[in-house]
Amino acid sequence: MTSYQPNDIEKKWQKEWADMRANETPDHVEERPNKMVLVEFPYPSGNLHIGHWYAFALPDIYARYWRMKGFNVLYPMGFDAFGLPAENAALQRDIHPGEWTKQNIEYMTNQLHSMGAMFDFSRAVSTIDPTYYRWTQWMFLRMFEKGLAYRAKTTVNWCPKDQTVLANEQVVDGHCERCSTAVQQRSLEQWMMKTTAYADRLISGLENLDWPNTARTAQQHWIGKSEGAIITFPLSGIPGQEDGKHSVEVFTTRPDTLFGATFLVVSPELAQKWIDVGWRASDEVRAYITESRSKRELERLEGAKDKTGVALGISAKNPISGESIPVWVADYVLGNYGTGAIMAVPAHDERDRAFADAFNLPISDASLRDAQEVIDQLVAKGAGYAKTTFKLRDWVLSRQRYWGVPIPIIHCTTCGYVPVPDDQLPVELPPLRDFKPADDGRSPLAKATEWLSVSCPKCGEDAQRETDTMDTFVDSSWYYLRYTDPHNSEQFASKEKMAQWLPVPIYLGGSDHNTMHLLYSRFFAKVLFDLGYLSFEEPFLKRVNRGWVLGPDGQKMSKSRGNVVDPDKEVAQYGADTVRMYLAFMAPYEQGGPWDPRGITGVHRLLSRIWTLFSQEPIGEASPDVECALHAATRNISRDIELLSLNTCVSELMKLMNAVDDAKTTLTTKQREHVIRLLAPFAPHLAEELWHSVCGHTSSVHQEPWPSFDATLLESQSVVVPVQVNGKVRATIEVAPDASEELVQAQALAAEGVIRALGDAQVHKVIVIPKRMVSIVAR
RNA sequence: GCCCUCGUGGCGGAAUUGGCAGACGCGCUAGCUUCAGGAGCUAGUGAUCUCACGAUCGUACAGGUUCAAAUCCUGUCGAGGGCACCA
């Protein structure tokens, strides 16, 4: 037997597995429960980098383990292939985004094979496939019918570089998530999804999910539920208006502080509305409104905290105390949250306090009432009611770009927005040569004149197709459903097949999707559940957020930083098995860390040692020490894989090899097969090679059962117990596991180190924790 | 400012969840081996003191609880991420 040559072995088995269709997962196997291990499907950016390996090769260990544990495991893969980067790259290279994307998908699929993962490519989905996006459009229409997809004019985030609208979730610190250009506010008519209709359920549904705290709290904060009250303050002193004729509503989470309200503040937006309906305002007020609306976006980012504002010359009446307080306009009150107006309580609110200090407004006493009593009184007087508000905004899903799913709507001058009939789906994306975005904010699809003109499905008159495309987050909001039934041409997936796999028991991905993809997918599931298409409304029962593999500089890998690394060199030198295992060994999966290939030799040595060990002839009788180590490793690895503590799994394999070396022996035939099974999820190629060439099997090790361990072997004849004297370890004693406390105590007190430490002191108390610790208190 | 996660040798990290801190690996040191390169083997490797047995200190810092704290509590500092004038 020659030395370990991973490249030959790996290529051979990758081909063999593909030929055997080893990873095609049936819908159902007798006595093997189904389990889907879901990872976020990649964007086909061109080639696999180290982050892809981390994201896919490590969950593969988990998936392979459960398959060996007797589950029918589906480890699916697909491509989230629409989106801006394809379009930008295609523009640069002067090819069509579809062509560019398809090339990448083909190339990356080959690369994915080289990872040695158990992806079922027969179920692969691609969001740009018309047989896929037909159902994306179909779901949009179901939501349109329910009023959950609607068109409205709103203030939207506009990226001037990408020339398209962005959802709130895609704006990071006021900049485009993709290209970092400062986002502008534009008032445009857009297609929206009514995510706010599900705000409450999106919060309450989080409760029973096995998700990381970070993901759960991020969503909670994003949705931003606050409970409080709406209180109506009658207004007087409006020029030209009768006193008490008009009023203003405020939202507060602290109705108990109502008596501390010393002034009222309205947002510039609300003040503008008042002016728009004809209320007279001073030049000073008008100037303030104009100024604050223009400066807002930039200054807010600068963190401008100085309070500015102008008195309106109007007064408001506290509906319970009857007190009259002045009304101000100030831009620290937001137009798009609550009612756009607040009652200011400087005694209880820092911001109100700062404003009061700046403008010399009174700060009253801080006395509190009972919140419920206040609300009851308000209700009795018709001056208010309990109210819950959310920070969540509806999802703006229109995109004025070419490379996306066409929105299946027809604009008819007489019938309005008419859905494309289901039997005409998909509305295919026309093959446009000139797909550049236009300056006027219209989608490039407006240039596809032939495609554009249709007759109205309702009245038959000339009409035009919608030219916006959908945000790609729509595509990815339901892809996991399609994995269960990827070739269905009648439905997005049959209920029977979905019931076999869903909801998803475990979903592994990045924390960057906490308030985007994960939120949208949950929204989609809830809507489809309400419409009767799904039997569950929480799609992902357990979520694991993987850590980031950072660049060698310790920074998050990104093309703009230029620190993106791919592991091709290491794969060529050491093989895929070593790279997989090194990534597993490097750090806890949920933590990640900088990619430092220097340590990879440690893992490569391990695999070489295993290879060498198996080149020796098996022995007849097992060494008890090795047998014990083997069963301990089995227990620990089984436990740790389930916890996704993959780094300690690799340590356990190293310890096992150390134990074999220390015993100066080798393995029996039975032990060899046991070790190969333990190795199989981590180094699938090497394990398969040894299983065949050394053990002489003809079937795959990956269809073998996971080894069990003998717990009695792990109960050793004696245990070493540390003995503390006054909190410091002074000796260790070796006792039988079932030794009586008296015996252990006697042995502990007789230990040399204990006697020395005790000296003349009197033993006051002895605490014996069987098999763990003896603690002596002396004075 | 608020929220979440976290802080352990030169480095990545481990610690049975309150019970011998530093497993496992990288790196480093010494010796052996190889014509050489890469590599391999053996021993050592938290700090300080000690010829040595051993002792003291040590898990960001300061307190506290406990027979016993990296782990629990309080406060401070620092890092990363999220939200951010959200009433």
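Bear in mind the structure is a predicted one, so any value in this text is a computation, not a measurement. Every chain is numbered from 1, with letters handed out A, B, ... down the list of sequences. As a basis for the values below, the full set of heavy atoms in this structure was taken, side chains included, without hydrogen atoms, waters or symmetry mates.
Contact annotation for A:G547: no contact, since no heavy-atom pair falls under 4.0 Å across all strands. Nucleic acid contact for A:V723: none, since no nucleic acid atom lies under 4.0 Å from a heavy atom of the residue. Looking at heavy-atom distances under 4.0 Å, A:N658 makes contact with sugar-phosphate atoms alone, never a base.
Under the Watson-Crick or G-U wobble criterion, with both distances below 3.5 Å, B:A30 is paired with B:U42. Remark: B:C83 base-pairs with B:G1; criterion is Watson-Crick or G-U wobble with both hydrogen-bond distances under 3.5 Å. B:A36: no Watson-Crick or G-U partner with both key distances under 3.5 Å is found in any strand. When both distances must be under 3.5 Å, the Watson-Crick or G-U wobble mate of B:G9 does not exist. In this structure, B:C20 forms no base pair with any nucleotide, since neither Watson-Crick nor G-U wobble geometry is met with both distances under 3.5 Å. For B:A70, there is no paired nucleotide, since no Watson-Crick or G-U wobble pair has both relevant distances below 3.5 Å. In this entry B:C61 has B:G75 as its Watson-Crick or G-U wobble partner, both defining distances falling under 3.5 Å. Pairing for B:U56 goes to B:A47, judged as Watson-Crick or G-U wobble with the two contacts each under 3.5 Å.
Listed nucleotides: B:G13, B:C67, B:C20. Nearest to the side chain of A:S775: B:C67. With distances taken from any side-chain atom of A:K765 to the nucleotides B:C67, B:C24, B:G27, the minimum falls on B:C67. Comparing B:A14, B:G54, B:A23 by their closest approach to the side chain of A:P588 singles out B:A14. Residue A:K307 places its side chain closer to B:C85 than to any other of B:C24, B:C20, B:C85. Ranking B:C3, B:G25, B:C20 by closeness to the A:M654 side chain, first place goes to B:G25.
Listed pair A:N647 / B:G25 fails the phosphate criterion, with no side-chain N or O lying under 4.0 Å from OP1 or OP2. Proximity of A:N213 to the phosphate of B:G82: no side-chain N or O atom is located under 4.0 Å from OP1 or OP2. The phosphate of B:U17 (OP1 or OP2) has a side-chain N or O of A:R772 nearer than 4.0 angstrom. At the phosphate of B:C41, neither OP1 nor OP2 sits under 4.0 Å from any side-chain N or O atom of A:R609. Contact between the side-chain N/O atoms of A:T648 and the OP1/OP2 oxygens of B:C24 is not found at any separation under 4.0 Å. Residue A:K728 has a polar side-chain atom (N or O) positioned under 4.0 Å from OP1 or OP2 of B:C57. Side-chain nitrogen and oxygen atoms of A:Y332 include none within less than 4.0 Å of the OP1 or OP2 phosphate oxygen of B:A87. Under 4.0 angstrom from either OP1 or OP2 of B:G13 there lies at least one side-chain N or O belonging to A:Q591. Here A:R605 reaches the OP1 or OP2 of B:C26: one of its side-chain N or O atoms lies under 4.0 Å away.
Considering every non-hydrogen atom in both A:V333 and A:G340, the closest pair reads CG1-O, 3.6 Å.
Taking for each of A:S226 and A:G753 the nucleotide of RNA chain B with the nearest heavy atom, the 5'-most of the two is the partner of A:G753. Toward the 5′ end of RNA chain B lies the nearest nucleotide of A:Q724, the other residue of the pair A:Q724 and A:T389 mapping further downstream.
Between the P atoms of B:G75 and B:G1, the separation comes to 16 Å (whole Å). Of the P atoms belonging to B:C28 and B:A39, the separation is 10 Å, rounded to the nearest Å. Between B:A87 and B:G13, the two P atoms lie 38 Å apart (nearest whole Å). Comparing B:G37 with B:A43, their C1' atoms sit 25 Å apart, to the nearest whole Å. Between B:A21 and B:G58, the distance separating the two C1' atoms is 9 Å to the nearest Å. Nucleotides B:C72 and B:C57, compared at atom C1', are 24 Å apart to the nearest Å.
Figure legend: cation-pi geometry between A:R546 and A:W548, with NZ or CZ positioned under 6.0 Å from the six-membered ring centre and within 45° of its axis. A cation-pi arrangement, defined by a distance under 6.0 Å to the six-membered ring centre and an angle within 45 degrees of its axis, is absent between A:K225 and A:F390.
Here A:K273 does not pair with A:E269 in a salt bridge; the nearest charged N to carboxylate O distance is not below 4.0 Å. Under a 4.0 Å N-O distance rule, the pair A:K655/A:E652 qualifies as a salt bridge.
We find that CE of A:M581 is positioned 16 Å from C1' of B:C26, with the value rounded to whole Å. Here B:A84 presents its P atom at 17 Å from CG of A:D331, a figure rounded to the nearest Å. The distance from atom CD1 of A:I769 to atom C1' of B:U66 is 11 Å, rounded to the nearest whole Å. Atom CZ of A:F585 is separated from atom P of B:C26 by 8 Å (rounded to the nearest Å). Across the protein-nucleic acid pair, A:D661 atom CG and B:C24 atom P stand 13 Å apart, rounded to whole Å. Atom CZ of A:R730 and atom P of B:A55 are 6 Å apart (whole Å). Across the protein-nucleic acid pair, A:D512 atom CG and B:G82 atom C1' stand 12 Å apart, rounded to whole Å. One atom, CD1 of A:I342, and another, P of B:C85, lie 13 Å apart when rounded to the nearest Å.
Paired with A:Y582 under the rule ring pair (Phe, Tyr, Trp, His ring centres under 6.0 Å), one option of A:F682, A:Y574, A:W595 passes, and it is A:W595.
Of the possible donor and acceptor atoms, one in the side chain of A:D577 sits under 3.5 Å from a partner among the backbone N and O of A:L686.
Ring geometry for A:H513 versus A:F473: interplanar angle over 60°, hence perpendicular rather than tilted (30 to 60°). Taking the six-membered ring where tryptophan is involved, the planes of A:W395 and A:Y520 are essentially parallel, since the angle between them stays under 30° and well short of 60°.
Taking 90° from 0 as the syn/anti boundary, the base of B:G9 is oriented syn. Shown here, B:U17 is classed syn by the O4'-C1'-N9-C4 or O4'-C1'-N1-C2 angle, which is within 90° of 0.
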